[in-house]
Amino acid sequence: MPELPEVEVIARGLNATLPGRTVVSVDHVDLTRLSEPAETLLPKVTGRKIRRVYRRAKVLLVEMNDDLTLVFHLKMTGRVVHGPRREPEKHDRIFLRLDDDSLLSFADVRKFGFVKGMTADELKAWSFLAKCGPEPLETSPEVLADRLRRRKSAVKGVLLNQSVVVGVGNIYADESLFRAGIHPETRADMVSQKRAVFLFSELQAVLKQAIAENGSSIRDYVNADGDAGAFQNNFNVYGKVNEQCAQCQTTLKSVKVSGRTSTFCPKCQTKR
DNA sequence: CCAAGCACCTGACGGC
DNA sequence: TGCCGTCAGGTGCTTG
C-alpha cells in the first residue's frame with residue numbers, strides 16, 4: 001500500500017507522540033506469516049522505551065532503548081496506528097500496549113507485511129536495506145537521472161526498482177511520468193538527461209505535495225492517527241483509465257509495464 | 001548482471 | 001443471490 005509519502009506521514013505522526021513511551025505488554029493477536037516468532041519478539045519488546053520513529057525507503061522504524069529497533073514493512077495493506085485502547089478487530093496482527101494506556105497497533109488485511117525486532121548490527125546487515133538505492137528527496141535530480149539512464153528497461157519499471165531509487169510505487173511513478181510528459185514504456189536509456197532530470201524534479205515535487213496532504217488513500221491507507229490522506233484528489237492519471245486528461249481532454253489509456261498497470265495520457269506523454 | 005513472470009493473501013467489484 | 005474472474009498501494013524467488 002504505502003509508498004514513500006504514506007510511510008513518511010505515518011513516521012512523522014508516530015514520532016510526535018511515541019518517544020518517551022514504554023511498552024507495557026505485547027498482545028500477540030495474530031502473527032500468522034507476519035513476523036518473527038512471537039516467543040522471540042515479545043520478550044524483546046516488552047519493557048522497552050521508544051526513542052524515535054523514522055523512515056528509510058518504504059520501511060517504518062521504531063527505535064527503542066537497549067539496542068532494539070522495531071522494523072515494520074506495510075507492503076500493500078498494512079496499517080500502523082497509535083490511538084486509544086480498543087478491542088482487537090479482524091485484521092489486527094499485533095498490539096503494543098503503552099504506559100499511558102494507549103495502543104500501537106499493526107493490522108494487515110493481505111498479510112504481506114511484517115514486523116521484526118532487530119539490533120543495530122542486524123539492521124545494518126539487513127539485506128533489504130543494503131540493496132536499497134538513494135532517497136529521492138535527499139538526492140539531486142542529476143544523480144538520480146544518471147542512475148536511471150544506465151538501465152535499458154522501461155522507465156516505469158526503473159522508477160519502481162528500489163535499487164535505483166527508493167520509495168516510488170505505482171501511484172507516484174505514474175503521476176511523476178505524467179508531470180514530466182514521459183511515456184511509461186520509454187526505455188530508460190533513451191530518456192535524455194534533461195528530461196530525466198525534469199522527471200526527478202517532478203517526482204520530488206509530487207512526493208512533497210503528497211506528504212503535505214497526508215498521503216494518498218485508495219483503500220486501506222490511514223496515517224498514524226487512523227485518518228485518511230487527501231492526495232488521491234490530486235491524481236492526474238493513477239486509477240483514471242478511460243477518463244479525460246485534465247490538460248488536453250484526450251482519453252487516458254493504460255498498459256502493463258513491468259507487470260504493473262500504468263495509466264498515462266497518450267498525447268501528453270511521449271517516448272522522446 | 002538484468003528482466004520477466006509468478007507467488008504470497010484477502011477483499012471488492014463486475015459480469016453472467 | 002452466488003459463483004468466477006480480475007484487480008489492488010510491494011517485494012521475493014525462480015527462470016531464462
Side-chain angles (χ1 to χ4, degrees), chain A residues 1-11 29-35 55-60 71-81 89-93 106-116 126-133 136 147-178 184-190 203 206-207 210-211 213-223 228-242 254-263:
Chain A
M1 133 233 242
E3 306 181 25
L4 183 151
E6 290 74 35
V7 183
E8 179 67 26
V9 168
I10 294 169
V29 179
D30 177 5
L31 291 182
T32 316
R33 295 188 38 78
L34 268 181
S35 161
R55 175 197 62 76
R56 165 75 175 116
K58 298 173 190 170
V59 178
L60 180 69
V71 176
F72 293 87
H73 201 305
L74 279 42
K75 294 288 182 84
M76 301 282 266
T77 55
R79 292 179 167 192
V80 174
V81 174
E89 291 170 16
K90 184 170 184 184
H91 301 296
D92 284 318
R93 298 332 223 182
F106 177 41
D108 187 8
V109 170
R110 291 176 73 179
K111 302 182 181 177
F112 291 168
F114 58 79
V115 51
K116 309 179 195 216
W126 187 26
S127 63
F128 179 86
L129 286 187
K131 285 183 296 187
C132 276
R147 295 177 65 83
L148 178 123
R149 282 164 33 84
R150 276 184 246 144
R151 302 289 180 135
K152 294 190 169 99
S153 53
V155 63
K156 167 69 183 279
V158 177
L159 280 176
L160 296 175
N161 184 336
Q162 303 294 297
S163 67
V164 175
V165 58
V166 300
V168 184
N170 214 25
I171 292 174
Y172 301 103
D174 277 9
E175 292 297 320
S176 58
L177 287 168
F178 172 81
E185 291 177 302
T186 314
R187 268 177 53 154
D189 61 347
M190 302 298 277
L203 174 65
V206 82
L207 294 175
I211 291 169
E213 300 203 20
N214 211 14
S216 300
S217 293
I218 309 301
R219 291 184 171 76
D220 300 282
Y221 166 72
V222 291
N223 70 9
F231 190 69
Q232 67 278 7
N233 299 322
N234 295 305
F235 290 170
N236 283 297
V237 288
Y238 180 83
K240 290 185 176 287
V241 65
N242 294 330
S254 84
V255 284
K256 285 270 185 199
V257 186
S258 306
R260 313 298 301 280
T261 298
S262 304
T263 307

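Within every chain, numbering begins at 1; the chains are lettered A, B, ... in the order of the sequence lines, protein sequences first and strands thereafter.
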Using a 3.5 Å distance criterion without hydrogens, assess whether the side chain of A:E175 forms a donor-acceptor pair with backbone atoms of A:N170. no
Just call it for A:G169: base, sugar-phosphate, or nothing, with non-hydrogen atoms closer than 4.0 Å on any strand. sugar-phosphate
If only side-chain N and O atoms of A:H91 are considered, is one of them under 4.0 Å from the OP1 or OP2 phosphate oxygen of B:dC9? no
Can you name the nearest heavy-atom pair linking A:P2 to A:L74, along with the distance? CG-CB, 3.6 Å
Base, sugar-phosphate alone, or nothing: which one does A:T261 contact when heavy atoms must sit under 4.0 Å apart? sugar-phosphate
Would A:F112 count as stacking on C:dG10 if stacking means ring centres less than 5.5 angstrom apart and planes tilted under 30 degrees? yes
What is the distance, rounded to the nearest whole Å, between atom NZ of A:K156 and atom C1' of C:dG10? 13 Å
Once hydrogens and angles are ignored, does a donor-acceptor distance under 3.5 Å link the base of B:dA12 to the side chain of A:R219? no
Do any N or O atoms from the side chain of A:E3 and from the backbone of A:Y172 form a donor-acceptor pair under 3.5 angstrom? yes
Between A:D174 and A:T263, is there a donor-acceptor pair closer than 3.5 Å when you use the side chain of the first and the backbone of the second? yes
Salt bridge or not between A:R93 and A:D30? Use side-chain N to carboxylate O under 4.0 Å. yes
B:dC6 versus C:dT6 - spacing of their P atoms, nearest Å: 12 Å
Quick test: give all pairs of protein nitrogen or oxygen and nucleotides 1-3 of chain B nitrogen or oxygen below 3.5 Å, distance rounded to 0.1 Å.
residue	atom	partner	partner atom	Å
B:dA3	OP1	A:S153	N	3.3
B:dA3	OP1	A:S153	OG	3.1
B:dA3	OP2	A:R151	NH1	3.2

Determine the interplanar angle of the A:F114 and A:H73 rings, folded into 0 to 90°, and report it as parallel if under 30°, tilted if 30 to 60°, perpendicular if over 60°. tilted
A:R79 side chain vs A:D220 backbone, donor-acceptor pair below 3.5 Å: yes
If we ignore hydrogens and angles and just use 3.5 Å, is the side chain of A:E185 paired with the main-chain N or O of A:V257 as donor and acceptor? no
Can you tell me the distance, in whole Å, between the CG atom of A:N242 and the P atom of B:dG14? 14 Å
Bracket notation of DNA chain C in which parentheses pair within the strand, [ ] cross earlier pairs, and | pairs with another strand (Watson-Crick or G-U, under 3.5 Å): .|||||||.|||||||
On a whole-Å scale, what distance lies between the P atoms belonging to B:dA7 and C:dG5? 15 Å
Separation between the P atoms of C:dT14 and B:dC9, rounded to whole Å: 16 Å
It should be established whether A:Y172 places a side-chain nitrogen or oxygen under 4.0 Å from OP1 or OP2 of nucleotide C:dG9. no
Nearest-Å distance, CD1 (A:I10) to P (C:dG10)? 13 Å
Let me know the distance between CZ of A:F72 and C1' of C:dG9, rounded to the nearest Å. 19 Å
Calculate the interatomic distance between A:R79 atom CZ and B:dC9 atom P; express it in whole Å. 21 Å
Using OP1 and OP2 only, check whether a side-chain N or O of A:K256 sits under 4.0 Å from B:dA4. no
Atom CZ of A:R187 and atom P of B:dA4: how far apart are they, to the nearest Å? 11 Å
Taking the side chain as everything from C-beta on, heavy atoms only, tell me whether A:L159 gets closer than 4.5 Å to A:L148. yes
Quick one, give me the B/S/- string for nucleotides 11-16 of chain C, reading 5' to 3', where B means a protein heavy atom under 4.0 Å from the base and S means that only happens at the primed atoms, P, OP1 or OP2. SS----
Which whole-number value in Å describes the distance from A:D220 CG to B:dG11 P? 11 Å
If we ignore hydrogens and angles and just use 3.5 Å, is the side chain of A:T77 paired with the main-chain N or O of A:K75 as donor and acceptor? no
From CG of A:D108 across to P of B:dC9 the rounded distance in Å is 12 Å
